[in-house]
Amino acid sequence: MTDMTATAAAVRVEIDAGLVERTRPVLEALIRADVPTALMAKDPGMWGPSARPEAAGRLGWVDAAIPDPDLPGAVRALRERVTGLDRLVLVGIGGSSLAAEVVADAFGHELTVLDTTDCDQVAAVLRGPLDRTLVVVASKSGETVETRTVYEVLWGAMSRAHGAAAAAGHFVAVTDPGSVLARSAAERGFPAFVADPTVGGRFSALTAFGLVPAGLLGADVAALGQDTAQLARPLGRPGENPGLLLGAALGAAALDGRDKLYLRPAQGFAPLFGAWAEQLVAESTGKDGRGILPVVDAALPERPGSDTVTGLVAGSPASPAPDADIRTYGSLGSQFLLWEYATAVAGRVLGINPFDQPNVQEAKDKTQAILAGRGSGAGLSGPDVRTFTEGAVEVGIDELSDRTLSGAGTLRDIMNGLATLLGPDGYLAVTAYLNRYEDAEVAALRELLARRTGRAVTFGWGPRYLHSSGQYHKGGPQHGVFLMITGEVEDDIPVPGSAHTLATIQRAQARGDLEILRGRGRPVVRIHLKERREGIRWLLQALTASGTERAEASR
């Protein structure tokens with residue numbers, strides 16, 4: 001059996017022979033149902049009656065395939081007015097920041113992203129040259145807790161440094177019309193780029209959310225849209241439709257039990273693309289007990305498991321790339337549109353609504369309940385049945401985990417024993433509420449644990465993952481085992497106008513996620529770093545060092 005391919009407008013999708021038999025009938029069913037025409041016509045009924053109300057207000061991304069011709073010029077004009085502000089800080093989370101970070105990095109521009117409530121990460125920005133800093137605040141509503149609180153912290157710092165009137169010259173907003181953020185920008189006197197309110201955050205890569213921050217850095221954002229308009233036409237046709245083929249393959253594989261998508265950009269393609277695709281796919285499909293789990297920034301497995309699909313994203317077929325079950329080729333802008341379209345199609349194949357995110361809201365509600373009920377006393381322990389401390393690391397084990405790990409009395413035992421908690425279809429999710437720049441070394445746990453367990457291991461920075469894979473964790477197949485890592489805060493940061501500090505909010509977010517997961521009967525091993533750098537060293541040594549080396553390290 002040969003591969004299946006579809007090519008249009010310099011975009012190509014290739015499906016390996018091993019996936020063809022399952023993909024073909026799904027693709028044919030989509031064509032019989034005239035899905036390409038319905039999707040590009042923005043028919044909200046194609047995901048079923050229950051999804052219609054939500055889908056009706058979330059299909060504006062189809063129009064974004066033909067970019068706003070005035071946006072690049074407006075961004076250039078603003079950039080010319082803010083000369084001298086050469087450090088750009090983006091305050092936003094999930095769909096409000098991921099695409100912009102991908103674009104900026106792909107064009108070689110430095111962008112500092114605050115998609116967190118971590119005090120250390122925010123403090124690093126406050127220590128920087130505020131007089132040379134331009135802050136882009138990106139949020140559809142302006143009410144997302146991470147964005148709202150960090151925005152107020154930075155506004156307060158800038159106002160103290162320069163005065164409120166001058167501070168306005170250091171801020172730009174990207175938001176929906178009439179939002180809380182739009183009103184705040186108007187009241188404080190700084191400009192706002194208004195985006196289409198019918199585009200959901202994770203589908204907003206080709207709107208102002210994805211383009212304004214990178215454009216302010218000097219990236220040629222107009223180039224991103226050069227290919228998307230040409231791709232939009234074939235996406236409405238049944239034949240030679242790369243988006244339809246990709247969506248059919250993703251959905252068909254998941255229905256066949258191959259629901260772990262190892263996705264990696266080829267060498268030379270946008271290195272951060274996987275982080276954007278992770279949110280798009282996981283948050284869109286992970287619900288009703290179904291979904292596709294992206295495993296990004298990891299080596300494609302030499303011997304994929306029976307629950308695995310490998311995917312590769314590249315600029316052109318000539319790009320040097322290892323083999324994979326699914327291969328997509330095209331420019332960065334085209335890949336954004338291709339994967340948005342394919343994810344919407346995969347949602348139909350799986351029988352879910354790809355545009356809602358009920359468990360993201362559940363996590364937000366739990367955080368607010370904890371803050372309202374416990375205030376600054378919100379702790380991290382949760383329903384631990386056993387705790388112990390080793391070096392700079394405190395370990396908390398719940399009742400479900402302790403049934404299997406009852407004999408595990410050391411950090412090394414715990415890390416080695418995580419594999420025993422995994423069922424036949426399980427995956428391990430490492431979630432770290434730390435500084436993703438200065439604590440980046442902790443991400444090495446993913447590869448170490450993948451080698452140790454031989455299973456799919458994901459890694460997410462908290463609280464960012466709550467807006468991404470967090471939806472899959474709670475709404476997707478209940479096969480996850482979780483290693484949650486938090487860290488001690490040295491210098492807390494008060495939030496102007498709030499009774500809470502950043503550390504209080506971050507603790508409440510971690511605690512809320514912990515309670516929701518454990519309430520679903522998912523094993524969660526809690527790790528708290530009493531000193532961050534030293535604690536990370538202990539964690540890594542628990543998976544790499546011999547007993548003698550660890551004994552010496554503990555002296």
* Any Lys/Arg nitrogen of Arg188 or Glu152 sitting under 4.0 Å from an Asp/Glu carboxylate oxygen of the other? -> yes
* **Donor on one side chain, acceptor on other, Asn353 and Glu54, under 3.5 Å** => no
* Asked: Do the side-chain N and O atoms of Glu146 and His467 include a donor-acceptor pair separated by under 3.5 angstrom?
  -> yes
* To do: Would you mind checking if Arg526 and Asp398 are paired as a salt bridge, meaning a charged N to carboxylate O distance below 4.0 Å?
  => no
* Asked: Between Tyr341 and Trp61, how do the two ring planes meet: parallel, tilted or perpendicular, split at 30° and 60°?
  -> perpendicular
* **Trp276 and Phe336 aromatic ring geometry - parallel, tilted or perpendicular at 30°/60° bounds** => perpendicular
* If you measure from the Lys or Arg side-chain nitrogens to the Asp or Glu carboxylate oxygens, is any gap between Arg202 and Glu283 under 4.0 Å? -> yes
* Electrostatic pair Asp439:Arg533 at N-O distance under 4.0 angstrom -> yes
* **Side chains of Gln361 and Asp365, donor plus acceptor under 3.5 Å** => yes
* May I ask you to check whether Phe482 and His473 place their ring centres under 6.0 Å from each other? => yes
* Does Arg436 pair with Asp115 as a salt bridge, N-O distance under 4.0 Å? -> yes
* Any ion pair linking Glu362 and Lys287 (charged N to carboxylate O, less than 4.0 Å)? -> no
* To do: Measure the acute angle between the ring planes of Phe273 and Trp339, then classify it against the limits of 30° and 60° as parallel, tilted or perpendicular.
  => perpendicular
* Hey, is CZ on Arg87 packed in by over 12 heavy atoms from elsewhere, all under 6.0 Å? -> yes
* **Criterion ring-ring contact (aromatic ring centres under 6.0 Å, His included) on Phe203 and Phe209, from CA distance to verdict** => CA-CA 10 Å; Phe203 287 83; Phe209 285 101; over 10 Å; no
* Would you please classify the geometry between the Tyr465 ring and the Tyr433 ring as parallel, tilted or perpendicular, with 30° and 60° separating the classes? => perpendicular
